Amino acid sequence: MIRTRFAPSPTGYMHIGGMRTALFCWLWARRQGGCFVLRIDDTDEKRNLRDALPPILDAFRWLGLDWDEGPDVGGPHGPYFQSERGERYRAAVQQLLESGKAYRDFEPAEETARQRQEAERARRPWISSRLSCELSEREIEEKLAAGEPHVVRFLIPRERTVQVTDLVRGEVRWDAALMPDPVIARADGSPLYNLATVVDDAQMNITHVIRAEEHLSNTPVQVLLYEALGYPVPQFAHLPFVAAPSSKRKLSKRDIGRYRGQKEFRKLFELGDAVLPRTGHDPSDDRLSPVMVAFYRDVGFLPAGLLNALVRLGWSLDDETEYLSLQEMVNSFHLDRVVKGAAGFDPDKLLNYQAHWMSRLSEEQRISGCRRFLLAAGLLDEDDAAIAERIGPVVNLLGDRLRVFGDILSADEFFVADDAVTYDEKAFQKRVVAPDQAVDLLRSLKQRLEACAPFDAPTLQRLLETFVQENGIRFGMIAPALRVCLTGRPQGPDLTESMALLGRDSCLTRLDRALGRAESIRADSSVPDRTAAAEGDC
RNA sequence: GGCCCCAUCGUCUAGUCAGGCCUAGGACACUGGAUUUUCAUUCCAGCAACGGGGGUUCGAAUCCCCCUGGGGUCACCA
């Protein structure tokens, strides 16, 4: 029975790279009909678990990655919090001490650090002095009785060569003679990562340790620990890390500030800036940056879109398959096909996967997704049936323009009051204010609209065509201007469909308002800039 | 610096283990065109890569060596 685990430390956020690692662990377990364990590495974390853990579990739940054992669900190998497993680590340390595979090191930390620096300066590898190993049993007992502080170090068998057959990297070997004796228990007796991980993975019967590449250098120590404790050594698979766009550097929370200015990340940050503030979130919160899973949820991505992007970072099914549902991933995932090189996270490609999965949604699914965002932005009054019923038609009208659910907010002209339309200033100037005939044309068109019946798209379309013909103008002279007046925007979905949706009353009211606005602007500007007049060709 | 890992279009990748089917395939991005009376879609076309040098071989992206470049890690963090 295959068992994999993901062991996050509670940090209060779920990193996109960590999520990819978790996805691969999960897929491997599911693919093999095994178990996926979630374990919380909260050794020595002073953080508040109650605040720091939920965001991580939420990320898993949102993406639909369930766990067979771990927080909330328990399991036969618990507890699943390292902070509750202290006894087991103490027992392991005791066992190593008694079998002579570890020793108490009384050397002051400063002294050890000094030796390390000296070795570094002399450009030679540093290994432990092992001075404390010279101590007689009596001396040790005396020091213990005197309460002298000490750590416990694992005694590296220096004659060994450690070799592992990594499932993605193949054979990797290390010379143990070059390895310092790692501390496995602090002065206060608490365990360190390498020890705790080995004890947990072994006791939880983890068969495949799938983790990010940065752990590769921990592997030899851990292998030696497995052996010293008499545990079977699991299989290892070290995944290449997720790199920042167009780079080979690890995607990092610390670099968020720099990412903000990068062109590769621009679309994502723009999306965040457009959606997050309007739905009660703070876009400057690092926990809601494109490096974190929560960002994608709160901006309106689909789990399928993010998942698809993540799985293709370092893995491919064959030479052509790009789009995979979670079920298809489960059916076809294999560690054999994980690549070795770091993969740069590509926002453009992510957007493309997202668009693909969005297009496969049913109308109802799209509507309910958008409703959440309209509600969160306060644009939807559930009591106003007329507005509520408008969501469906708007969503349909928007079509492919709706890439993420948050995009619905950029069509807010269909949900705001007629006197709350905000205008794209540049477009308003260019299409309505600057052209000499624009205002007169619009005024004349308004009269036709008043009489237009029925007020539906085909009729409006004919009306516009006739209007254009009669006035001997081009479509581009009137359509863009009309659009700006009605929606405030320079472009958007089909104009007459939009008008029909808005309804006659709204159209007329908005037209009036815009016309009044244009006139007062023209009156204000003593030197009208005619050169800016549109050679409208829309 | 020590140790370890990695190296195909701008990006994600196929091809490498079992050398010839590779004048290196797909996708995203980009560019041009068609459709759409705007935008978005859709369709067609184009651009574009085996880091360098030595071997081995009839033949190398694929095997070997060296170099270069990039990265990770070196805690009483995880």
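All of these numbers come straight from a predicted model, not from anything done at the bench.
A distance-only check finds no donor-acceptor pair linking the side chain of D181(A) to the backbone of L155(A) [under 3.5 Å].
Applying the ring-ring contact (aromatic ring centres under 6.0 Å, His included) rule to Y259(A) yields the partners F265(A); only residues at least two apart in sequence or on another chain are considered. Every side-chain contact (heavy atoms from CB on, under 4.5 Å) that E413(A) has, sequence neighbours left out, goes to A411(A), T487(A), R489(A), R510(A). Legend: residues meeting ring-ring contact (aromatic ring centres under 6.0 Å, His included) with Y353(A), ordered by chain and number and at least two apart, are Y323(A).
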Could you list all N or O pairs between the protein and nucleotides 42-46 of chain B that sit under 3.5 Å apart?
none

Atom pairs under 3.5 Å, N or O on each side, protein against nucleotides 39-41 of chain B: can you list them with distances?
{"residue": "C39(B)", "atom": "O2", "partner": "R401(A)", "partner atom": "NH1", "Å": "2.2"}
{"residue": "C39(B)", "atom": "O2", "partner": "G492(A)", "partner atom": "O", "Å": "3.4"}
{"residue": "C39(B)", "atom": "N3", "partner": "R401(A)", "partner atom": "NH1", "Å": "2.2"}
{"residue": "U41(B)", "atom": "O2'", "partner": "D400(A)", "partner atom": "OD2", "Å": "2.6"}

Would you list the protein and nucleotides 47-51 of chain B atom pairs, both N or O, that sit under 3.5 Å from each other?
none

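Ring pair F301(A)/Y296(A) is perpendicular by interplanar angle, where above 60° counts as perpendicular and below 30° as parallel.
Shown here for V432(A) and A518(A), the closest heavy-atom pair between the two residues is CG1-CB, 3.7 Å.
N308(A) contributes atom CG, which lies 9.5 Å from atom NZ of K349(A) (distance to the nearest 0.5 angstrom). Between the CG atom of D41(A) and the CZ atom of R85(A) there is a distance of 10.0 Å, given to the nearest 0.5 Å. The line from OH of Y226(A) to OG1 of T197(A) is 8.0 Å long, rounded to the nearest 0.5 Å.
Across all strands shown, G20(B) forms a Watson-Crick or G-U wobble pair, both distances under 3.5 Å, with C58(B). With a 3.5 Å ceiling on both atom-pair distances, the Watson-Crick or G-U wobble partner of A34(B) is U42(B). Nucleotide C3(B) has G72(B) as its partner under the Watson-Crick or G-U criteria, with both atom distances under 3.5 Å. Across all strands shown, C28(B) pairs with G10(B); the Watson-Crick or G-U wobble distances both stay below 3.5 Å.
Applying the salt bridge (Lys or Arg N to Asp or Glu O under 4.0 Å) definition to pairs two or more places apart or across chains, none involves residues 15-25 of chain A. Within the structure, ring pair (Phe, Tyr, Trp, His ring centres under 6.0 Å) contacts touching residues 161-187 of chain A (residues at least two apart or in different chains) do not occur. Sorted by first then second residue, the side-chain hydrogen bond (donor to acceptor under 3.5 Å, both in side chains) pairs that include residues 395-411 of chain A, not counting sequence neighbours, are E363(A)-N396(A). Within the structure, every pair that satisfies the salt bridge (Lys or Arg N to Asp or Glu O under 4.0 Å) test and touches residues 214-223 of chain A, not counting sequence neighbours, is listed here: E214(A)-K250(A).
Within the 4.0 angstrom heavy-atom criterion, base atoms lie near A187(A). Residue-level contact check: W126(A) touches neither bases nor backbone, having no heavy atom under 4.0 Å from any strand. E465(A) comes within 4.0 angstrom of a base, heavy atoms only. Here R483(A) lies in heavy-atom contact (under 4.0 Å) with a base. Note on V339(A): only backbone sugar-phosphate atoms sit closer than 4.0 angstrom, heavy atoms only; bases stay farther off. At the heavy-atom level, G314(A) lies under 4.0 Å from the strands shown only through sugar-phosphate atoms. Residue-level contact check: R173(A) touches the backbone only, with heavy atoms under 4.0 Å from sugar-phosphate atoms and none from bases. Using a 4.0 Å heavy-atom distance criterion, Q461(A) is classed as a base contact.
Residue R337(A) has a polar side-chain atom (N or O) positioned under 4.0 Å from OP1 or OP2 of G15(B).
Under a 4.0 Å N-O distance rule, the pair R114(A)/E118(A) qualifies as a salt bridge. One finds no salt bridge joining R153(A) and E107(A) here, because no Lys/Arg side-chain nitrogen approaches an Asp/Glu carboxylate oxygen to under 4.0 Å.
Which of C76(B), C12(B), A78(B) sits closest to the side chain of V151(A) comes down to C76(B). Closest contact between the side chain of V172(A) and the listed nucleotides C5(B), A78(B), U13(B) involves C5(B). Looking at the side chain of R186(A), the nearest of the listed nucleotides A14(B), A78(B), U11(B) is A78(B).
Residue F345(A) is the one, among F345(A) and D188(A), whose nearest nucleotide of RNA chain B lies closer to the 5' end (criterion: closest heavy atom). Residue V338(A) is the one, among V338(A) and R153(A), whose nearest nucleotide of RNA chain B lies closer to the 5' end (criterion: closest heavy atom).
Atom CG of L216(A) is separated from atom P of C5(B) by 7 Å (rounded to the nearest Å).
With respect to F24(A), the ring-ring contact (aromatic ring centres under 6.0 Å, His included) criterion is satisfied by exactly one of F241(A), F6(A), F333(A): F333(A).
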>> One character per nucleotide, please: for nucleotides 17-29 of chain B, 5' to 3', B when the base has a protein heavy atom closer than 4.0 Å, S when only the sugar-phosphate does, - otherwise.
In response: --------BBBSS
> How does protein contact run along nucleotides 67-73 of chain B, one letter per nucleotide 5' to 3', with B for base contact, S for sugar-phosphate only, - for none, heavy atoms under 4.0 Å?
Replying inline: ---SSSS
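E425(A) and Q429(A) share no donor-acceptor pair across their side chains, judged by distance under 3.5 Å alone.
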